[in-house]
Amino acid sequence: MPEIPFWEPLSEEALEDQRHTYDRMRAACPVARSPRGVTFFRHADVLAAARDPSTFSSEVSAHRQVPNGLDPPEHAAFRAAIDPFFTPDRMRALEPRLRLTARAAVSALPRDSAVDVVADFGYRFAVAAQSEWLGWQGAEAELLAWMHENHAATRSTERSRLAATAAAFDGIVSTQVERRRRLGSAAPDDPTTELLSVCVNGETLSDGDIVSILRNWTAGDLGSIAASLGVVIGFLATHPEVQASLRAGASDVARAIDEMLRIDDPFLVNRRVTRAPVEIAGFRLEPGTRVYLNWTSANRDEAVFGDPDAYRPDEHASKNLVYGEGIHVCPGRPLATLEMVVAVEELLRQTTSIALAAEPRSERETYPVGGWRHLFVVLT
Ligand code: HEM
């Protein structure tokens with residue numbers, strides 16, 4: 001068997017333009033290894049791995065992560081407990097409140113001058129919307145400060161700083177949980193309180209698992225919503241014809257957002273570890289190999305989408321991997337979509353134009369996320 005070619009995902013060159021580096025890798029060597037693990041770049045390989053959890057295990061971390069770090073059969077019971085939080089009925093009931101949140105966030109943005117829609121809109125709106133959903137009103141400032149510190153800690157790659165931010169987050173979550181336990185039957189009627197009485201295999205969840213689930217619903221997702229909003233607003237600002245069609249109500253907003261995220265997926269990778277020998281693209285992986293499923297690359301695979309930058313929402317919807325695939329497919333997708341739809345609708349309703357600002361210069365984000373770090377636009 002041939003040796004898997006080597007690449008350096010954290011080289012300056014790769015970080016400078018992640019998406020196009022992945023495009024080149026996918027064409028030149030669709031499977032590549034680095035000291036961190038083996039990356040799959042092609043749609044077919046990413047899909048096959050995501051659909052085969054017995055070979056590609058999600059138990060990649062020393063810490064228990066619920067449900068994303070669980071394998072079958074344990075995983076299914078937790079998903080059955082979590083999925084009911086995101087039903088269409090629940091999302092319909094939540095929509096008016098999130099719309100008001102979006103309306104206020106858009107109203108607060110300046111007009112006719114450059115504004116960074118990642119920091120000043122994406123992060124703020126994500127925190128406000130998630131707090132509204134979970135019943136964490138009042139914790140927004142603390143969450144926002146935490147997001148900024150987490151971002152800086154991730155970038156510093158200092159282990160002690162990362163451990164401190166993780167502990168700080170668990171502190172924020174635990175405060176919410178403990179308050180509801182203290183209040184007992186007087187606890188607010190919200191998803192956080194509801195989680196306390198959820199049963200898996202006939203037993204209520206342990207505090208550790210509750211914190212892990214809430215961490216998943218907040219820490220990870222605030223970042224992905226903020227990054228995704230940056231990508232979507234960036235696309236609108238650079239594609240006036242798409243912006244006009246959405247303003248005219250001529251296209252489906254949710255589907256449009258999915259396609260913009262396919263073209264520039266800011267949720268770069270998820271990890272797996274092999275449990276059995278497996279052959280992929282002509283290479284053999286031994287058991288225990290760390291694997292990265294590169295969603296950003298898979299979503300731009302020419303073999304599936306033709307020109308990766310061609311905007312064709314209806315045609316590409318069924319192959320879109322922005323929310324993953326298989327048993328770990330994103331349970332929060334309905335909520336993420338609702339949040340982004342109301343945000344985009346409010347932005348369009350309150351403006352006549354969204355355009356890129358000439359100054360300051362926008363900046364791309366780098367690993368472990370994609371999209372924009374700072375995106376300056378002018379709202380009129
Ligand atoms: C634009 C925003 C979002 C994107 C792009 C996104 C993307 C993804 C992807 C690709 C996965 C698959 C992970 C894997 O296969 O290992 C995933 C899983 C997950 N997502 Fe999301 N997500 C988003 C928002 C959310 C939100 C708002 C929530 C909840 C409030 C959420 C909760 C989760 C959870 C709990 C999992 C793990 C599921 C499991 O392991 O069974 N996500 N997400």
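Side chains included, hydrogens not; waters and symmetry mates left out as well; all remaining heavy atoms used. Both ligands and their constituent atoms are indexed starting at 1 by order of listing.
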**Request:** Give a yes/no verdict on a cation-pi contact between R364 and W372, requiring under 6.0 Å between NZ or CZ and the six-membered ring centre and an angle within 45° of the axis.
**Result:** yes

**Request:** Is it possible for you to check whether R333 lies under 6.0 Å from the centre of the six-membered ring of F86, through NZ or CZ, and within 45° of that ring's axis?
**Result:** no

**Item:** Closest approach of P308 to I263 (non-hydrogen atoms, all atoms of both residues)
**Value:** O-CG1, 3.6 Å

If you look only at distance, which donor and acceptor atoms sit under 3.5 Å apart when one is on a side chain in residues 265-273 and the other is two or more places apart or in another chain?
{"residue": "D265", "atom": "OD1", "partner": "F267", "partner atom": "N", "Å": "2.9"}
{"residue": "D265", "atom": "OD2", "partner": "N299", "partner atom": "ND2", "Å": "3.0"}
{"residue": "N270", "atom": "OD1", "partner": "W295", "partner atom": "NE1", "Å": "2.8"}

**Prompt:** Is the shortest distance from a Lys or Arg side-chain nitrogen in E363 or R361 to a carboxylate oxygen in the other one below 4.0 Å?
**Reply:** no

**Message:** Check this for me, if you would: do R300 and D309 make a salt bridge, where the nitrogen-to-carboxylate-oxygen distance has to be below 4.0 angstrom?
**Reply:** yes

**Item:** Those protein residues which place at least one heavy atom below 4.0 Å from ligand 1
**Value:** P67, N68, H75, R79, F86, Q130, W133, N216, W217, D221, S224, S228, F267, N270, R272, W295, V322, Y323, G324, I327, H328, C330, P331, G332, L335, A336, M340

